[in-house]
Every structure is written in C-alpha cells, then in structure tokens.
Amino acid sequence: MSEEVSVSYDDVVALMKTYAAAIAENKQSLTELDSAIGDADHGINMDRGFQAVIGKIDTVTSGDIGALFKTVGMTLVSTVGGAGGPLYGTLFLQLGVATAGKDRITAEDWSAALTAAVSGVQARGKAESGDKTMVDALIPARDAFAAALTDGADLPAALRRSADAAEAGMTATIPLVARKGRASYLGERSAGHQDPGATSSALLLRTVADAWAGDASTTTEEAHDG
Amino acid sequence: MSEEVSVSYDDVVALMKTYAAAIAENKQSLTELDSAIGDADHGINMDRGFQAVIGKIDTVTSGDIGALFKTVGMTLVSTVGGAGGPLYGTLFLQLGVATAGKDRITAEDWSAALTAAVSGVQARGKAESGDKTMVDALIPARDAFAAALTDGADLPAALRRSADAAEAGMTATIPLVARKGRASYLGERSAGHQDPGATSSALLLRTVADAWAGDASTTTEEAHDG
Amino acid sequence: MKKLINDPADVVREELQGIEAAHPDLVKVAYDPFYIARADAPVKGKVALVSGGGSGHEPMHGGFVGMGMLDAACPGEVFTSPTPDQMEAATKAVDGGSGVVHIVKNYTGDVMNFEMAAELCRAEGAEVESVVVDDDVAVQDSLYTAGRRGVGATVLMEKIAGAAAEQKRPLKEVADICRDVNSNARSMGMALTSCTVPAAGSPTFELGDDEIEMGVGIHGEPGRDRMKMKTASEIVDMMATAIVDDAPFSNGDQVLAFVNGMGGTPLIELYVVYNELNKFLAGRGITIARNLIGSYITSLEMAGCSITLLKMNDDFTRLWDAPVKTAGLRWGV
Amino acid sequence: MKKLINDPADVVREELQGIEAAHPDLVKVAYDPFYIARADAPVKGKVALVSGGGSGHEPMHGGFVGMGMLDAACPGEVFTSPTPDQMEAATKAVDGGSGVVHIVKNYTGDVMNFEMAAELCRAEGAEVESVVVDDDVAVQDSLYTAGRRGVGATVLMEKIAGAAAEQKRPLKEVADICRDVNSNARSMGMALTSCTVPAAGSPTFELGDDEIEMGVGIHGEPGRDRMKMKTASEIVDMMATAIVDDAPFSNGDQVLAFVNGMGGTPLIELYVVYNELNKFLAGRGITIARNLIGSYITSLEMAGCSITLLKMNDDFTRLWDAPVKTAGLRWGV
Ligand SMILES: Nc1ncnc2c1ncn2[C@@H]1O[C@H](COP(=O)(O)OP(=O)(O)O)[C@@H](O)[C@H]1O
Ligand SMILES: Nc1ncnc2c1ncn2[C@@H]1O[C@H](COP(=O)(O)OP(=O)(O)O)[C@@H](O)[C@H]1O
Ligand SMILES: [Mg+2]
Ligand SMILES: [Mg+2]
Ligand SMILES: [Mg+2]
Ligand SMILES: [Mg+2]
C-alpha cells in the first residue's frame with residue numbers, strides 16, 4: 001500500500017468554499033447548457049444552493065467531516081430544488097454517512113464515500129450509465145478512483161485520474177440521447193448537447209483533485225495501515 | 001360666368017371607385033402615419049369602409065347623386081368605426097344632403113356641397129383649423145375651390161386648386177400640436193408628424209380633381225345659367 | 001407577426017363565435033351587426049347597461065356581459081370604436097323599458113359613434129343616458145385636447161353600476177353612480193413592449209430593449225415619457241404618485257386598488273406590483289379595502305400594467321361585493 | 001430583460017407578499033419555508049390537498065388555494081421544483097387528520113422532492129398519498145424516458161379532487177379521483193415566443209419570426225417539432241388530433257375542453273382557438289360539456305396556448321360544478 005495521504009476537516013471546508021466559487025463562476029455556462037436541453041436553471045439552482053452552503057459551513061464546528069458533508073447535503077436539499085436538489089443533496093448526505101465521525105479521510109475513505117454517494121444518487125434518480133445524466137460523470141469518477149488505488153496511485157494522483165474520468169464521462173454525454181430527467185422529453189433532439197448535471201459533477205471532481213492535490217493544506221501522514 | 005362643366009352620376013360612381021382604389025393603395029402608409037401619433041388603424045379603417053362602399057355602390061341605381069353620396073356616408077358610418085367613421089360618414093352624408101335629387105352637379109353645386117360637408121365634419125368633431133385634423137385639409141380645399149370660382153376658373157381648374165390647397169393644408173399639419181382626436185394625448189410629442197386624417201382628406205380632393213379633370217368622362221355642356 | 005388567428009379580417013367574428021360557443025348560459029351573440037347581449041335580455045324593469053369599444057381589450061367588454069354587470073357589449077374591429085348601428089341594435093335588444101346607460105370611454109371615435117347611436121335611439125323613443133369615462137392621469141386634461149382617456153375605471157364602473165341596475169335602481173341614479181365612479185377614480189398605465197394590431201401586422205410602436213413607455217394608452221398610444229427600464233418599485237412609485245397627487249385620494253381614505261395586466265404580463269409580476277402598491281399606499285395612509293388583480297382591460301399582447309385607484313364609500317363597497325356572473329368576473333353566485 | 005420585478009432573487013418572496021396582502025380572506029402565507037395555505041387550514045375531517053411546483057406558472061398553484069380546491073401550495077423558485085422542507089411544512093400545516101394528497105406534476109425534480117417530503121411526513125406519522133400528473137401527449141411515453149410531463153390536467157385535477165375533498169370523501173377515494181382525472185385527460189401545448197427566467201435574464205430558447213414550437217413544455221422545454229407559423233385552425237388541428245388520437249376520446253364522448261394561455265397570449269386569441277377546437281371536436285362527434293378558457297397554467301410571459309381535454313362522467317361534472325373560492329378560480333360562492 002502506498003504512503004498514506006489524508007485530508008483534514010479544514011481541507012474539506014476549503015473544498016466546499018472552492019467548489020462554491022467554481023459554481024458561481026460557471027453559473028451562467030451551466031445554465032446555458034440547461035437551456036439547450038432543459039429549463040435554463042441548473043447553474044442558478046446550484047449557485048443558490050452553494051451560496052447557502054457557504055453561509056452555513058462556518059457555523060459547523062464539530063470537526064466531524066461526516067457531519068460537515070451532511071450539513072452540506074441538507075442545505076442543498078432545502079435550497080436547490082429541481083432535480084439537482086435531491087440528487088446533489090443525496091450525494092453529499094451519502095458522503096456524510098460514509099465519513100461519519102472522521103476528522104481526516106484517507107484515499108480508501110474517499111473511495112468508499114464516493115461509492116456510497118453514487119449509489120445514493122442512483123437510488124434516488126434511477127439513472128443508469130448512458131442515460132445522459134450526472135451519473136455519467138460520477139460512475140467513471142468512482143471507478144477510476146478505485147482503479148487508481150488498485151494501481152497503487154497516491155491520493156493526489158488518484159483524484160486526478162478520477163477527475164479526468166469524470167470529464168471524459170461528461171464529454172461522452174454529448175452524443176447521447178437522454179433517457180432521464182427533463183432532457184429525455186426531447187428524445188433524439190437531446191443528442192449533440194452536453195448534460196449540465198454531468199458538467200457540474202465533473203467540475204466537483206476536478207475541484208476535489210485540485211483542492212486536495214497534496215499541496216500545503218493536505219497533510220501527508222505515516223501510513224497507519226488499517 | 002365661365003362655360004359650365006358638370007359631373008354626371010356615373011362620374012361620381014367612378015370617383016368613389018377610384019378613391020376606394022387609392023385608399024387601398026395607401027392603406028399601409030395611412031396606417032403608418034396613424035401609428036406615429038394614433039393607434040395604427042386609419043388606413044385599415046378607411047379601407048374596410050371603402051371596400052364596403054364598393055360592394056354597395058352598384059346596388060344603387062337611382063341616378064340620384066345625393067342618394068349615392070348618402071349611401072356612401074351610411075356605409076362608412078356602419079363599417080369604419082373609430083373617429084374616421086362618423087367623420088367621413090358625416091362628410092359624405094352632407095355631400096348627399098347638398099346634392100339630393102340631382103343627376104348632374106355643377107361647380108356651384110360642388111362648392112355648396114363641400115361647404116355643407118365641412119360644416120358637418122366640424123359640427124360632429126368640434127375641430128377648428130389648426131387642431132391637426134382632417135379639417136386642416138378640408139377647410140383650405142373648400143375655400144380654395146370657392147375662390148377659384150370667384151376668380152372665374154372652370155371646374156377642372158378649380159378642383160385642381162382645391163386639391164393643391166388640401167395638400168398644402170395636409171403638409172401644414174406636420175409642425176402642429178394636436179388639439180383633437182387621439183393625437184392630442186401626445187401633447188408636444190404630436191408635432192413633427194403629418195395627420196393621417198388630413199392625408200386621407202387631401203387624397204380625396206386630389207382624386208376628385210383627377211377624376212373630374214374634364215377628360216372624356218366629364219361632360220361639357222352649354223351653360224344654362226341657372 | 002405571430003398570433004393565434006386565421007385571417008386578420010376574421011378575428012373579431014371568430015372570437016365572437018368562440019364566445020358564443022363557450023358561454024351560451026351567459027350571453028347570446030348577434031352578428032349583423034356585432035354585439036353580445038345577456039342571455040336573458042331584455043330584463044324587464046331593470047336599467048340596461050351597454051358599453052363597447054374596439055376589440056383587443058378582452059375580457060373588456062364582452063367578458064363583462066351577464067348578471068350584475070353589462071347587458072350588452074359592442075365589439076369594434078381591433079382597437080377601433082364600434083359603429084352606431086351596433087350600439088343602436090344592442091340598445092334595442094336589451095332595453096327592458098327602464099332606460100339604457102351607454103358607458104363610453106373618452107376617445108374621439110367612441111364618443112362620436114355613441115353620440116350618433118344615442119341620437120338614433122332617442123329618435124325612436126328610447127331613454128338613453130350617456131356617461132363618459134376619463135380616468136387616465138397620464139394625459140393632460142385641458143380644454144385644448146380631447147381630454148383624458150377612459151381606461152381602468154371602466155371595469156370598476158361596469159361592475160358597480162351593473163350591481164346598482166340589478167337592484168332595479170332608476171336610470172338617473174345608475175347613470176349618476178357611473179359618473180361618481182368616474183370622478184373618484186384615477187388610472188395610469190405603462191408598457192414594457194408594444195402590441196401588434198393583427199390587420200397592421202407590425203408593432204404599433206418601437207421600444208428599445210431597455211426602455212419603457214410610461215403613461216401608455218390601451219391602444220398603444222405613446223404616453224407621457226419614454227424612459228429607461230426601472231425596478232417595479234420605482235415604476236409603481238411613479239404611477240401611484242401621479243394618481244394620488246391628481247386627487248381625490250388622501251390620508252385615511254379607503255380605496256379599491258386595481259392592478260391590471262396589459263395582456264402579455266404574467267400574473268407573478270402583477271403580484272409583485274401589487275406588493276409595491278400596497279407599501280406605497282400604506283406610506284400615504286391610504287387603506288386598500290378591495291382589490292382586483294389580473295388582466296381585465298388589455299391591449300392585445302402588450303406587456304405592462306396599469307394601476308387604478310377608486311375611492312370607496314359604503315355604497316360602492318356593497319355594490320362591488322354584490323354577486324356578478326360573467327365570463328370575465330364572477331363571484332357570489 | 002424587461003420585467004415588472006425588483007431583484008430577480010426576490011421575485012418569489014415579493015410575489016408571496018403581494019398574495020398575502022391581496023387575499024387574507026383566502027390564504028395565509030408562510031415564509032420559512034415558503035408555502036401558501038388556506039386561511040382556515042387545517043380543516044378538520046377533510047382530506048387535505050397539497051401541490052406545488054416551480055413558480056412562474058401563476059395562477060397555478062398558489063391561486064388555487066382555497067375552499068373547494070387546494071389546501072396548500074408550495075412555490076419553488078421560478079421553474080424550479082420546491083424543496084422537501086416546504087412540502088413537509090405545508091403538509092403538516094394543513095393535515096386535518098384525514099390524510100393528505102400530494103399532487104405532483106411528473107418532472108424529475110418535482111417527483112424526487114415530493115418523494116423525499118412524503119418519506120419525511122410518513123416518518124412522522126402523517127398519511128400521505130402521492131399522485132403524479134402526466135398528461136402531456138407532446139412527449140413520447142416510454143420506459144426509457146422520464147415519462148410524460150404534467151401540464152393542464154393538473155388544474156382540472158385540483159378543482160375536481162378539491163371538490164371531492166370538500167365533500168369529506170376519504171383519502172383513498174380522493175387520490176383515486178386524481179388518478180382517474182389523470183388517466184382521462186390529455187394535453188398539448190405550443191409556443192409562439194420563448195419566456196425569460198428572471199434569474200437567467202435571457203430567453204430560454206430562440207424562435208424565428210415565423211416559427212412556432214409545437215409541443216412545448218411549461219418551462220420552455222423544446223417540444224416535438226419546430227415549424228413554420230400556421231393559422232389557428234391548422235395549429236388547433238395538429239394539437240387536437242394528437243390529443244384525441246392518443247385516447248381516451250371517441251365519438252359520443254362528453255369532454256371538458258380547457259384552452260389555456262401560456263401567459264403572454266391575449267384572451268381574444270384564446271377564443272379564436274376555442275372556436276376552432278369546438279369545430280374540430282364537433283367533427284369528431286365529441287361534445288364539449290364544460291369549458292375553461294384563460295391563462296391558468298402559464299410559463300411566465302410565453303405566448304402560445306395549450307389544449308387539455310378531459311373525458312367527463314357524472315361525478316366529474318358535479319365536482320367541477322361545485323363551488324370553488326380561490327384567487328384564480330371562483331364560482332358558486
Ligand atoms: N433521474 C436522474 N438521475 C440522475 N441525474 C438526473 C436525473 N434527472 C436529471 N438529472 C440531472 O439533473 C440535471 C438537471 O438539474 P437541474 O437543472 O438543477 O434540475 P431540473 O431539471 O429540475 O431543472 C441534468 O442535467 C441531469 O444531469
Ligand atoms: N375631433 C375631430 N375632428 C376632426 N377630425 C378628427 C377629430 N378627431 C380625429 N380626427 C381625425 O381622425 C383621424 C384619425 O382617424 P382614425 O385613425 O380612423 O380614428 P381613431 O383615432 O379612432 O383610430 C385623425 O388623423 C384626424 O384627422
Ligand atoms: Mg434545469
Ligand atoms: Mg386611428
Ligand atoms: Mg382606432
Ligand atoms: Mg428546473
């Protein structure tokens with residue numbers, strides 16, 4: 001097993017802030033993607049949710065990463081609405097369940113958390129791979145991350161492979177005909193457009209990779225096997 | 001007194017058809033004038049009315065010019081609506097009253113008929129000279145026609161002077177601030193636009209002058225002084 | 001021009017056929033000439049109310065024909081006053097022997113056509129009282145103009161006088177109630193976009209992407225001022241100030257507040273406007289005793305709104321609350 | 001973007017404030033989280049009806065809260081499904097002890113949020129039945145899509161089930177009436193213009209000056225086909241054919257015909273459309289027993305219309321005719 005790199009509570013807080021900023025920055029482009037095959041609100045919805053997260057995140061001071069993720073999930077559920085609200089809400093709630101009680105998370109923790117999160121999203125939305133949804137970014141990200149660990153990659157490297165896979169999955173949604181969500185009403189006409197939810201999900205994975213890239217804020221610890 | 005030229009029943013029928021055609025041709029430009037200072041319907045209204053006149057005119061076979069004009073007036077009243085309906089309706093009704101029972105009309109008859117028509121329009125609409133209405137074309141036309149007869153002009157020449165005066169009156173409405181009709185709501189903003197009703201009235205006088213210009217259809221008779 | 005119509009020349013006739021098919025319980029429709037009358041007209045012993053005007057302002061007036069409101073409406077071509085023969089035929093059809101009130105919005109065409117109609121009706125022995133609505137404060141009222149336009153107060157007048165007629169009040173009193181409504185009401189409108197008269201085919205006026213027309217008329221007549229886009233709060237402030245300052249509203253008054261959509265305005269915006277108006281009036285010590293929010297006197301698909309305030313008294317309030325059963329306004333029955 | 005609003009972020013809150021100020025006799029408004037409830041809620045012994053959805057479809061749903069229709073409505077952001085906490089709070093506020101029906105339009109967001117809400121409510125012991133509306137024939141229904149969208153039938157369902165609840169029918173029966181309405185109703189919409197979500201600031205889609213979107217969704221989702229502008233008669237023919245051929249309508253049937261404006265459509269056009277629809281249905285031997293014409297389920301300022309047909313039976317007819325007292329629909333009281 002590779003040298004253990006793990007992520008602190010503060011790293012997770014920083015991630016949420018960075019992602020909120022990334023969503024704010026991409027608000028318009030996400031909404032534009034949604035106006036092609038949806039109802040022109042995905043960026044607006046996500047931004048409303050993550051601004052609310054920003055407002056709430058500093059009030060959580062438990063040091064419990066699981067509690068932090070759950071707060072994010074609850075906040076998203078009650079502020080985003082639409083399809084994005086329950087789906088991203090579930091994603092973060094499940095990250096929270098998987099990391100409950102932890103003040104640091106390791107690569108293995110993240111792998112398990114990602115797996116739980118993707119399962120939660122699929123249980124809520126019933127989407128399969130290839131339905132042209134956020135799941136098309138999330139499944140490859142989860143699988144690439146696990147594969148990287150198996151290959152012996154360290155956390156930063158595995159996160160990069162996970163983000164790359166998410167982006168590939170996102171791009172791969174372009175030719176797809178949507179089978180879930182609002183875009184499915186379009187039938188064949190949904191082909192040729194990139195899915196907004198897959199785009200915001202790929203952005204999440206990329207933000208994770210950049211935020212936890214092993215710079216100063218991410219602590220390298222002795223492997224403590226177990 | 002000059003050699004008497006007069007206008008037959010058929011000349012009047014021809015006039016009405018020519019004017020209807022002229023209105024149809026100018027429908028859009030009249031409506032455009034009305035959209036600047038009114039409600040964008042003057043050409044449409046006039047055209048609806050004169051198409052109805054065309055449909056009715058051949059059913060009148062009395063040979064009575066007065067009856068013909070009255071039919072025109074009644075048809076306009078019941079098909080034009082708006083301000084134009086009662087005003088043009090009254091104009092033709094009064095032409096009809098003034099020419100009742102005649103099968104030909106002379107220059108003097110026309111002078112009297114014009115006078116009656118203008119009075120009728122003013123009684124109905126209460127507009128004075130300078131209020132930026134059709135009256136600004138009609139009053140100069142009436143006065144120029146009478147002056148031309150006094151000057152010894154024949155009917156075609158007098159009609160031309162009448163039409164010229166109507167057009168001058170029409171053009172003179174451009175700088176005016178409207179004091180009657182819908183354009184008066186605009187106050188100062190009505191200045192700089194030509195009045196649609198003055199335009200359709202000038203067109204009427206010009207059509208009369210052209211139609212009764214003394215060509216084949218207008219009969220020259222011996223003066224029978226009376 | 002994109003509209004849900006067939007030939008522009010047939011719009012009014014086909015609209016009437018639609019109304020006839022939809023509301024046989026409320027109205028009957030005549031086609032030669034055009035008018036819409038109460039299904040049970042003439043109502044014996046009741047003063048009859050007849051109004052009319054250009055089409056394109058729906059539901060006004062045809063949508064207000066029925067129990068407790070109008071006895072007949074005469075629809076003209078789009079934005080064009082109807083003709084005297086329509087008004088004469090409608091008047092005869094609904095005259096229940098107690099006289100007829102003609103409710104006339106103050107536009108030159110409407111006034112002249114109704115005048116001719118009243119002359120014709122009176123010549124045949126009918127008792128006709130004409131009342132003119134002129135509540136639009138956007139227009140300067142002076143001896144040297146056609147005077148103020150009739151707008152939102154028309155709807156309120158038709159409801160209130162309609163209730164009075166239903167109570168079998170006499171002709172003079174019903175006509176006086178109309179005049180009373182008129183003198184206690186003021187309105188102002190504004191547009192975000194133009195409208196397109198079907199027969200014209202292109203917009204009546206052009207407005208920039210960031211411009212509004214303040215004081216617009218219900219036929220797309222230009223208003224007081226063309227200005228840059230503003231917030232709902234600023235717009236309401238301008239309109240309500242113009243209305244309240246014109247009279248007759250003062251601290252302690254009870255009013256009916258009517259927030260009207262011009263035809264292309266979503267209801268969500270009308271409630272935002274109502275919220276602003278409510279705050280504005282509270283600031284002036286004026287209480288909203290009754291309200292009406294929706295698109296009732298429209299200008300085809302124009303986006304924008306108008307505000308009408310009517311100073312209420314006990315009689316007005318009772319008459320407003322009285323039952324009404326029309327396609328456009330209905331309660332109490 | 002020109003709208004009668006202040007800050008786009010405040011539109012829904014300010015709309016609610018307007019509704020609260022305008023209709024205190026009908027509703028009460030909660031702000032944290034947002035919902036609109038009947039003024040007299042909870043009504044003891046009556047099944048409660050809760051619906052909700054994105055804002056921008058006014059008067060649906062908030063305008064249908066009141067006697068004989070909904071007990072509560074949860075408004076989301078514009079065109080965005082509301083959140084589970086709104087639905088949970090509304091459900092608790094109106095539960096009169098006889099159970100609650102959630103009326104959910106079939107959009108992924110609405111379905112998932114209402115699902116989470118129902119889970120939360122049931123966890124606390126509330127009896128909740130969820131019904132999904134999916135009447136839009138524009139969308140292909142298959143196992144491989146999110147299924148048909150819920151559109152016009154929602155309004156009819158809220159009225160008819162609301163009347164059944166008012167008669168104190170039990171939960172199961174009220175929910176079954178909803179399902180029955182849904183399976184007997186079909187809708188189709190079309191747009192002449194796009195709409196603009198306030199927070200987005202630019203039109204959701206672009207349509208050429210001579211183009212229409214056939215089968216458009218109420219959030220401006222693209223439809224079946226973009227095509228050249230057509231006459232009202234051709235447009236109605238296409239929509240009504242799609243509806244009638246989908247089932248369940250056949251010769252001899254009695255239907256409720258609902259001609260709905262999308263928000264920017266003048267009423268005059270809706271009557272022209274109704275006239276065409278009436279002729280079309282007569283040609284198929286289908287009788288219009290009841291009708292509803294107006295802008296009841298809208299897409300902000302979109303111009304266009306939708307048609308909904310509901311096959312009627314005696315119970316539906318009686319429930320439709322029963323008194324209703326809401327800001328958006330009112331009769332019999
Ligand atoms: N059933 C589903 N499962 C997973 N993801 C879905 C599903 N339905 C929709 N999505 C995702 O949600 C995104 C749209 O989110 P958003 O625009 O916020 O919601 P809405 O469609 O309600 O407006 C889509 O791009 C898609 O990725
Ligand atoms: N009081 C009046 N007296 C004479 N002419 C008038 C009067 N009011 C309006 N007009 C004329 O009527 C014309 C407008 O006619 P039209 O557009 O058909 O009627 P409306 O204004 O009802 O739409 C004006 O251009 C003006 O010349
Ligand atoms: Mg969306
Ligand atoms: Mg005009
Ligand atoms: Mg006109
Ligand atoms: Mg949405």
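The sequence lines fix the lettering, A, B, ..., with proteins before strands; numbering per chain opens at 1.
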Per-residue tally against chain B (heavy atom, under 4.5 Å) across C:Gly201, C:Pro33, C:Cys195, C:Ala199 peaks at C:Ala199
Do any of residues 122-139 of chain B come closer than 4.5 Å to chain C, heavy atom to heavy atom, and if so which ones, in number order?
B:Arg124, B:Gly125
When you measure from the side chain of B:Ser184 to the backbone of C:Ala146, do you find a donor-acceptor pair of N or O atoms at a distance under 3.5 Å?
yes
Do other residues, nucleotides or ligands put more than 12 heavy atoms under 6.0 Å from the NZ atom of B:Lys56?
no
Within the structure provided, determine whether C:His219 and B:Asp41 are in side-chain contact (heavy-atom separation under 4.5 Å).
no
Just checking B:Gln194: does its CD atom have more than 12 heavy atoms from other residues, nucleotides or ligands closer to it than 6.0 angstrom?
yes
Counting only non-hydrogen atoms closer than 4.5 Å, does C:Glu119 touch chain B with its backbone (N, CA, C, O), its side chain (CB onward), both, or neither?
side chain
With a 4.5 angstrom heavy-atom cut-off, is it the side chain or the backbone of B:Val177 that approaches chain C, or both, or neither?
neither
Side chain proximity check, B:Leu87 to C:Met112, heavy atoms < 4.5 angstrom:
yes
For chain C, which of B:Pro86, B:Ala36, B:Gly85, B:Ala40 has the most heavy-atom pairs under 4.5 Å?
B:Pro86
Are more than 12 heavy atoms, taken from residues, nucleotides or ligands other than C:Asp210, located less than 6.0 Å from that residue's CG atom?
yes
Test item: C:Met116 and B:Val77 side chains (from C-beta on) under 4.5 Å apart, heavy atoms
yes
Toward chain C, the part of B:Thr79 with a non-hydrogen atom under 4.5 Å:
backbone
Search all heavy atoms of C:Tyr107 against all heavy atoms of B:Arg182 and return the closest pair with its distance.
CD2-NH1, 3.7 Å
Identify the heavy atoms of C:Thr80 and B:Val80 that sit nearest to each other, and give their distance.
CG2-O, 3.4 Å
List the atom of C:Ala200, the atom of B:Ile44, and the distance in Å for their closest heavy-atom pair.
N-CD1, 3.6 Å
Side-chain donor or acceptor of C:Asn113 paired with backbone N/O of B:Gly82 under 3.5 Å
yes
C:Asp85 versus chain B, heavy atoms under 4.5 Å apart: side chain, backbone, both or neither?
side chain
Is atom CE of B:Met74 surrounded by more than 12 heavy atoms (other residues, nucleotides or ligands) closer than 6.0 Å?
no
With a 4.5 angstrom heavy-atom cut-off, is it the side chain or the backbone of C:Phe205 that approaches chain B, or both, or neither?
neither
Rounded to the nearest 0.5 Å, how far does OG1 of C:Thr204 lie from CG of B:Asp34?
9.5 Å
Whatever's closer than 4.5 Å to a heavy atom in chain C on B:Ser78 counts as both
Picking from C:Pro8, C:Gly76, C:Gly220, C:Pro84, which has the most non-hydrogen pairs under 4.5 angstrom with chain B?
C:Pro84
Any idea which of B:Gly181, B:Gly38, B:Ala183 has the most non-hydrogen atom pairs under 4.5 angstrom with chain C?
B:Gly181
Does any backbone or side-chain atom of C:Glu77 lie under 4.5 Å from a heavy atom of chain B? Answer side chain, backbone, both or neither.
side chain
Is it the side chain or the backbone of C:Pro82 that comes within 4.5 Å of chain B heavy atoms, both, or neither?
backbone
